Amino acid sequence: MNKAFVKESDDDEEEAPESQIPAGTKNYMTVRGHAQIRAEFEHLVKVERPAIVQVVSWAAGNGDRSENGDYIYGKKRLREIDRRIRFLSKRLESAVIVDPADQRNCDQVFFAATVTVCDADGTEETYQIVGIDEANAQEGRISWISPLARALLKAREGDTVRFDSPGGLREIDIIEVRYE
């Protein structure tokens, strides 16, 4: 099929809104998060991309490319990998790595702190404040730009903080602050 009839673009797609770094701020990352992103980058560059390039090269040698599924899928996958590599390299270049072990003021909540909180129901939960790219709510890692993390920043053990959650205004007590 002629490319004129296929909606296909080699341009960079926009980042998802939740993964964008707020203007005028730094791209903070924990040591662990930086290592994970570096590992994904290395895997894409050294393992996945060369394997796909080999498949595309083989498929291109088979002749007619217009109906060659390996070639078409391979080229599409190659564009996805290249897009992800560009995204990760930009994130790694702009990263400001924060090691929780280097924190001097351990009684106050800052980036990379692990905080145990208790809500009005008496339910205790533990969160670690991490970078945008390493946030995972199921594992208790929340982005430093989230409403909860912003409310917790600079608070101390024993403080009560209020923040606007999707369920409305909430109030929680800080039970413990630690840096691991």
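These figures come from a predicted structure and were not determined experimentally.
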### Query
So how far is it from Met29 CE to Leu92 CG, rounded to the nearest 0.5 Å?
5.5 Å
### Message
If the test is salt bridge (charged side-chain N to carboxylate O under 4.0 Å, His left out), which one of Arg83, Arg84, Lys76 qualifies with Glu80?
### Response
Lys76
### Message
To the closest 0.5 Å, what do you measure between CD1 (Ile129) and CG (Leu153)?
### Response
4.5 Å
### Query
Looking at Tyr28, Tyr127, Phe110, which one forms a ring pair (Phe, Tyr, Trp, His ring centres under 6.0 Å) with Trp144?
Tyr28
### Message
For Arg32 versus Glu139, what's the shortest heavy-atom pair and its separation?
### Response
NH2-OE1, 4.0 Å
#### Entry: In one Ile/Leu/Val/Met/Phe/Trp/Tyr side-chain cluster, 4.5 Å: Val98, Ile145
yes
### Minimal non-hydrogen separation, Tyr179 against Pro100, with atom names
CB-O, 3.4 Å
### Query
Between atom CD1 of Ile172 and atom CD of Glu124, what is the distance when rounded to the nearest 0.5 Å?
11.5 Å
### Query
Taking Thr123 for the side chain and Asp119 for the main chain, is one N or O donor matched with an acceptor at less than 3.5 Å?
no
### Task
Measure the CZ-CG distance between Arg156 and Asp107 for me, rounded to the nearest 0.5 Å.
4.5 Å
### Any donor-acceptor N/O pair, Ser89 side chain to Ile85 backbone, under 3.5 Å
yes
### Task
If you link ILVMFWY side chains whenever their heavy atoms are less than 4.5 Å apart, which other residues fall into the same cluster as Leu169? By chain and number, please.
none
### Query
Is a donor on one side and an acceptor on the other found under 3.5 Å between the side chain of Glu134 and the backbone of Thr30?
yes
#### Entry: pair Ile175-Cys118: side-chain heavy atoms closer than 4.5 Å
yes
### Query
So, does Gln108 use its side chain to make a donor-acceptor pair with the main chain of Lys154 at under 3.5 Å?
yes
### Message
Nearest 0.5 angstrom please: Gln128 CD to Thr114 OG1, how far?
### Response
4.0 Å
### Task
Indicate the atoms forming the closest heavy-atom contact of Phe87 with Asp133, along with that distance.
CZ-OD1, 4.1 Å
### Message
Nearest 0.5 Å, please: how far is CG in Asp99 from NE2 in His34?
### Response
12.5 Å
